[in-house]
Amino acid sequence: MASTTRQFRRRLADVQFGNYLPFYSRLSEEQRFAYKLLAPGLAMMCIIHFLPIIWGTLISFMGVNSTYAQQWHRAPLVGLENYFDVLDPGTVVGSRFWFSIRQTVIFAVGSLVVTYVLGLTAALVLNQQFKGRFVARTLLLLPWVAPVVVTLLIWRMMFQQQSGIINNILLSIGLINEPIYWLIGDNAIWTLVLTHSWTQFPLVMIMLYAGLQGIPEQLYEAASIDGAGRWEKFRYITFPQLKPVSAVVVLLVMLWTMINFTAPYVLLGAQPPRSGQVGILYIYEFAFSNYQFGRGAAMSVVLFIIAMTMAMIYYKYLFDDDFTEGDE
Amino acid sequence: MIPDELRLSPSAKDQLFDLLSRGILGCLLLFALFPIYWMIISSFRTRTEITAADPQLLPIELSEIPLIVQDPVILLEILHYENYVTMWGRFPVLDYFINSLVIAMTTTGFALVVGCLGGYAFSKYRFPGKGAVGGALLGTQMIPGILILLPMYLMFIWIQNNIGFPMVNTYHGIIFVYTTFTVPVAIWMLRGFFDTIPDSVEEAARVDGCSRIQALVRIILPMAAPGIAATGMFVFLVAFNEVLFASILASGDVTPFAIGIQSFETQTTAYWGEMMAASTVATAPILVLFVLFQKPIVEGLTEGSVKQ
């Protein structure tokens with residue numbers, strides 16, 4: 001009797017799942033277990049990632065401003081008006097937004113170049129046999145491990161115009177004649193690039209280092225027999241062999257820099273100069289200083305689309321082709 | 001053309017190359033470590049010393065070294081440890097530390113539990129939609145935070161006004177947000193560590209009568225402990241350093257260190273010495289922990305990029 005009831009219940013459960021979740025009912029016991037394990041993570045991602053993105057996109061079509069800050073759902077639908085406002089270079093907001101996009105691209109590409117060159121140099125040096133290599137590797141990783149808020153503030157202190165150590169050193173070795181304003185004016189974007197690269201290069205270094213370790217030794221031996229020098233070995237073996245890792249590194253550094261908020265916000269302080277106002281910082285100030293959430297959301301969507309487009313173009317033309325070619 | 005007698009012999013070339021790469025390594029180390037050195041030095045200086053027109057590179061004068069060797073106590077007079085005393089009163093630094101520890105450690109705990117379950121599913125099971133879920137996990141790392149912050153802020157306010165449950169400026173609000181941000185990374189990193197444990201381990205445990213979940217909790221998780229520690233440290237650092245969401249969703253009583261430390265630079269005065277003292281206190285344990293756990297952390301970082 002009891003077993004019949006249990007069977008009935010189980011069948012009922014199957015029917016219910018079959019009705020409401022036909023996908024789930026077709027899974028094997030093992031696959032169901034996998035989904036149960038993933039369920040908490042997926043549920044949280046839905047609430048914090050996917051729902052707000054849909055919601056944010058929705059807000060970008062609504063006239064949410066200070067009047068409606070408490071009751072955003074009462075705000076009127078304005079269609080594409082927010083987008084026209086922020087993308088029109090004729091208006092103040094539009095022109096500043098386009099300028100901030102330009103600064104974002106400089107920030108991302110500049111950081112990418114500096115970070116990659118530093119990271120690759122460090123990885124190549126570390127890849128040689130010498131005493132204390134492990135210690136050197138650990139020390140070179142510290143800039144990345146130390147809390148980034150702290151390191152950004154150290155750089156902010158060192159870049160002070162009057163008392164900063166950097167101006168002092170440059171003055172005393174005669175490279176400059178008078179103290180430079182690093183954190184205000186047009187220099188700010190390059191200060192940002194340099195500082196951000198300092199915090200990020202160890203990550204690039206350790207990824208490329210791992211890639212270097214994976215290059216088979218026979219390639220170098222064969223090249224030596226053919227009489228290849230150091231430069232030829234680097235040019236024809238090391239660099240091409242690093243391509244898959246480099247592709248990942250370049251993509252990650254570029255995307256992460258484009259959406260980085262901490263570096264400009266902490267390094268440039270409470271009143272960031274115009275040149276240091278990269279996209280995300282400008283959106284933040286604009287949206288939260290006067291509750292322009294509708295237009296702020298429209299800008300965020302534009303920034304997201306630009307970042308994704310850059311990633312996709314890159315992926316299509318560099319990553320994809322080289323990978324398939326390299327495999328053959 | 002270089003005449004033959006001026007050309008370097010192969011061994012001399014090797015030596016020159018070695019010298020050059022040592023030199024480059026030295027420059028890189030100087031570049032990497034100088035700011036950290038400068039933080040520690042500045043934390044032992046008074047305000048006048050820091051804002052002096054000619055800051056000294058060394059904390060002590062060379063002529064003082066014999067004195068210090070004779071009597072190390074004199075260091076206490078040369079190095080100004082006052083910053084470490086006064087910083088606690090200038091701003092509620094202790095509260096910032098406690099808030100950051102509560103937020104970051106709770107986030108780490110939750111993210112590890114959810115991440116272990118998800119990472120294990122990813123590593124050991126095949127299921128339909130695996131590729132899509134994996135892509136979504138990575139995709140979440142590409143979203144600009146500001147796109148999420150705006151609706152999140154409105155959602156928190158809405159909950160507060162309509163349900164009466166406070167969300168802005170509370171521990172649980174910011175912890176919930178951070179946990180979700182770090183779960184995709186945690187799943188991704190932990191998957192790599194679970195991959196290194198052979199499938200036969202789970203099979204053996206199952207033969208011995210463990211259920212799937214028992215096999216995971218009792219057998220697999222202890223084996224993956226180093227990887228879990230590394231992932232935990234990574235998550236902790238992300239939560240500790242986060243600024244964007246904290247600046248809007250966690251002020252007042254729950255202000256974390258990452259936001260609070262910036263208040264040492266006010267409109268009129270910058271308390272650099274005290275700021276650097278607080279920074280040193282925050283940085284030292286993290287650097288020590290990293291040096292202890294660096295092997296699994298470094299492996300976990302490089303795993304994903306190199307393996308494909």
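Closest approach of A:Pro52 to B:Ile148, counting heavy atoms only: CB-CG2, 4.0 Å. Nearest heavy-atom pair, A:Ile280 versus B:Gly145, reported as atom, atom and distance to 0.1 Å: CD1-N, 4.3 Å. Taking each heavy atom of B:Leu33 and A:Leu139 in turn, the nearest pair found is CD2-O, 3.6 Å.
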* Evaluation steps, side chain to side chain contact (heavy atoms under 4.5 Å, CB included), between A:Phe134 and B:Gln294 -> CA-CA 11 Å; A:Phe134 185 73; B:Gln294 64 164 317; 3.3 Å; yes
* Going through the distances and angles, do B:Leu154 and A:Ile59 end up as a side chain to side chain contact (heavy atoms under 4.5 Å, CB included)? -> CA-CA 10 Å; B:Leu154 292 175; A:Ile59 288 172; 3.3 Å; yes
* Asked: Given the rule in the side chain to side chain contact (heavy atoms under 4.5 Å, CB included) test, do A:Leu38 and B:Leu117 qualify, once you have shown the distances and angles that lead to the verdict?
  -> CA-CA 6 Å; A:Leu38 272 173; B:Leu117 298 178; over 6 Å; no
* Show your working on side chain to side chain contact (heavy atoms under 4.5 Å, CB included) between B:Ile213 and A:Leu37 and close with a plain yes or no. => CA-CA 9 Å; B:Ile213 195 79; A:Leu37 290 178; 4.1 Å; yes
* ring pair (Phe, Tyr, Trp, His ring centres under 6.0 Å) evaluation trace for B:Tyr153 with A:Phe288 -> CA-CA 10 Å; B:Tyr153 180 68; A:Phe288 282 100; 5.6 Å; yes
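At a 4.5 Å heavy-atom cutoff, the contact between B:Val133 and chain A is made by side-chain atoms alone. A:Met45 touches chain B through backbone and side chain together, each having a heavy atom under 4.5 Å away. The part of A:Val125 that comes within reach of chain B is its side chain, from C-beta onward, which places non-hydrogen atoms under 4.5 angstrom from that chain. Interface remark: A:Met299 contributes no atoms to any contact with chain B (heavy atom separation under 4.5 Å). For chain B, no part of A:Tyr209 is nearby; none of its heavy atoms comes within less than 4.5 Å. At a 4.5 Å heavy-atom cutoff, the contact between A:Gln160 and chain B is made by side-chain atoms alone. When heavy atoms are compared at a cutoff of 4.5 Å, A:Tyr284 approaches chain B by way of both its backbone and its side chain. Of the two parts of A:Thr138, the backbone and the side chain both hold a non-hydrogen atom closer than 4.5 Å to a non-hydrogen atom of chain B. Only the side chain of A:Leu42 comes within contact range of chain B, judged by heavy atoms closer than 4.5 Å. Residue contact with chain B, scored on non-hydrogen atoms closer than 4.5 Å, involves the side chain of A:Leu255 exclusively. Using a 4.5 Å cut-off between heavy atoms, B:Arg22 contacts chain A through its side chain alone, with no backbone atom that close. Interface remark: B:Ala136 contributes backbone and side-chain atoms alike to the contact with chain A (heavy atom separation under 4.5 Å). Within the 4.5 angstrom heavy-atom criterion, only side-chain atoms of A:Ala287, from C-beta onward, approach chain B.
For the 3.5 Å distance criterion, the side chains of A:Tyr265 and B:Ser247 fail to qualify, holding no donor opposite an acceptor.
More than 12 heavy-atom neighbours from other residues, nucleotides or ligands sit within 6.0 angstrom of CZ on B:Phe264.
A:Trp198 places no side-chain N or O within 3.5 Å of a backbone atom of B:Pro35 that could act as its donor or acceptor partner.
Between B:Glu265 and A:Arg156 there is a salt bridge, since at least one side-chain N of the basic residue sits less than 4.0 Å from a carboxylate O of the acidic one.
In this structure, the separation between CZ on B:Phe181 and NE2 on A:His49 is 4.5 Å, given to the nearest 0.5 Å.
Note: B:Tyr125 and A:Phe33 have perpendicular aromatic rings, judged against thresholds of 30 and 60 degrees for the angle between ring planes.
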